[in-house]
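To start, the structure under review is shown below, and the notes come after it.
Everything numeric in this text was worked out from a predicted model, so none of it was measured. These numbers come from the heavy atoms of this one structure, side chains and all, not from hydrogens, waters or symmetry mates.
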Amino acid sequence: MTGFVIAVDGPAASGKGTVSSMLGRLYDYPVLDTGLLYRAVGVAVQSAGGNLDDAEQAAKAAAALNLNDLEDPALRTREAGECASRVAVHGPVRQALLDFQRRFAAREPGAVIDGRDIGTVIAPDAPAKLFVTATPQVRAHRRWLQLHKQDAAITYDDVLADIRVRDERDSGRAASPLVRADDAVLLDTSEMTIDQAADAARRIVEAARGRWEQSQPG
Ligand code: CDP
């Protein structure tokens, strides 16, 4: 029997993180925010004075990453998000992070993984897949509320511009672009509160879990 993997994908600030933590608590599963891996690679390259657009340099940083140390608050900044999306276009970077993510996905009795390519590349056989989205304006507002606490000078327009650049880069890249898996359930949280989004996600995953349990031998 393989574990019950919950794949949560979607664009920046769509609510994936909140939904994933809630699902992790609900089932008592570990949660992996794969954005932190790309953020850590981007920050490592940047702080070593390297070039984010150089695939080889970024892949070396990815291979050298201490994957057990993703708690650094420096990974949560606006700059780190931008660095992450620049190194995430490189196929060799994605390759270097693949094993770690696949091993996480293989954990028993299950795991929640959030990112951009979980349902398509990392765990294509995941029995539960969600694609969480919201309009760019709603996402920018949510992200602005978070970032504004770190940096009072940041404006909503700055954040909206960042989000548009990142959406385009993430969706337009050749290596594992951000795309909804055919079998992922779309959850548009634009008009939802956090509680409503969490509740909708829970219902989708519970339905998938019912089907998955029936398909298990014995
Ligand atoms: O929190 P937010 O949605 O802003 O970003 P994140 O999930 O931390 O991801 C930061 C960046 O890493 C994204 O814009 C993607 O370019 C990249 N990423 C990726 O390519 N694949 C993933 N599985 C996760 C993140």
Side-chain angles (χ1 to χ4, degrees), residues 7-18 20-21 24 30-107 111-123 139-140 142-144 146-151 153-154 158-159 161-179:
V8 183
D9 288 302
S14 53
K16 330 181 273 303
T18 310
S20 298
S21 322
V31 179
L32 178 64
D33 170 359
T34 60
L36 287 175
L37 306 176
Y38 294 92
R39 285 169 179 261
V41 175
V43 168
V45 173
Q46 178 94 327
S47 49
N51 177 2
L52 296 164
D53 302 321
D54 182 323
E56 205 179 316
Q57 269 183 36
K60 272 196 191 137
L65 213 59
N66 177 0
L67 296 167
N68 298 313
D69 184 17
L70 298 171
E71 299 296 320
D72 186 350
L75 301 182
R76 307 264 175 198
T77 64
R78 177 183 174 202
E79 292 73 24
E82 172 65 17
C83 293
S85 102
R86 282 175 60 189
V87 295
V89 304
H90 304 309
V93 168
R94 310 197 70 85
Q95 193 60 36
L97 300 174
L98 190 72
D99 260 12
F100 177 78
Q101 297 177 81
R102 290 243 167 102
R103 267 186 277 116
F104 198 96
R107 283 169 74 161
V112 183
I113 312 190
D114 92 55
R116 301 290 190 286
D117 61 343
I118 310 307
T120 50
V121 175
I122 303 298
R139 292 188 282 122
R142 288 178 187 158
R143 185 48 53 92
W144 176 77
Q146 292 167 344
L147 291 177
H148 183 67
K149 289 183 207 144
Q150 299 163 5
D151 174 3
I154 197 165
D158 294 335
V159 181
D162 282 1
I163 284 207
R164 289 196 192 281
V165 169
R166 266 216 284 146
D167 280 358
E168 203 167 306
R169 197 186 285 131
D170 289 352
S171 309
R173 69 184 177 217
S176 308
L178 169 67
V179 59

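- When the shell of 6.0 Å around CD of Q146 is examined, it contains more than 12 heavy atoms from other residues, nucleotides or ligands.
- Pairing each heavy atom of A40 with each of L70, the nearest pair is CB-CD2, 4.0 Å.
- Within 6.0 Å of the CD atom in Q150, the count of heavy atoms belonging to other residues, nucleotides or ligands exceeds 12.
- Looking only at side-chain heavy atoms (C-beta outward), V121 and R102 come within less than 4.5 Å of each other.
- R39 places no side-chain N or O within donor-acceptor distance of the main-chain N or O of C83, the cut-off being under 3.5 Å.
- Across all their heavy atoms, D114 and G17 have their closest contact at OD2-CA, 4.0 Å.
- Here the CG atom belonging to L147 is positioned 9.0 Å from the CD atom belonging to E79, to the nearest 0.5 angstrom.
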Practice problem: Start with the C-alpha distance between R116 and R173, add both sets of side-chain angles, then the distance that settles side chain to side chain contact (heavy atoms under 4.5 Å, CB included), and finish with yes or no. | Solution: CA-CA 12 Å; R116 301 290 190 286; R173 69 184 177 217; 3.9 Å; yes

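- Relative to the six-membered ring of F100, R103 misses at least one condition, a distance below 6.0 Å or an angle of at most 45° to the axis.
- One distance of note links OG of S85 with CG of L178; it measures 11.0 Å at 0.5 Å rounding.
- If you take CG on L65 and NZ on K60, they are separated by 15.5 Å, rounding to the nearest 0.5 Å.
- Listed by chain and residue number, nothing satisfies the side-chain hydrogen bond (donor to acceptor under 3.5 Å, both in side chains) test with D9 (two or more places apart in sequence, or in another chain).
- Put simply, CG on D72 and CG on N66 are 11.5 Å apart, with the number rounded to the nearest 0.5 Å.
- For the side-chain hydrogen bond (donor to acceptor under 3.5 Å, both in side chains) test, residues two or more places apart in sequence or in another chain that qualify with E82 are R169.
- The minimum heavy-atom distance linking A74 with A80 is given by the pair O-CB, 3.5 Å.
- Under a 4.0 Å N-O distance rule, the pair D162/R78 qualifies as a salt bridge.
- Residues L52 and G42 come closest through the heavy atom pair CD2-O, 3.5 Å.
- Closest non-hydrogen pair, F104 versus P30, comes out as CZ-CB, 3.6 Å.
- Checking side-chain atoms of H90 against main-chain N and O of A175 turns up no donor-acceptor pair under 3.5 Å.
- Here the closest non-hydrogen pair linking V31 and S20 is CG2-O, 3.7 Å.
- Between the R139 side chain and the A12 main chain, a donor and an acceptor come within less than 3.5 Å of each other.
- Among residues two or more places apart in sequence or in another chain, the side-chain contact (heavy atoms from CB on, under 4.5 Å) test is passed with Q101 by L32, T34, L37, Y38, L97, I118, I122.
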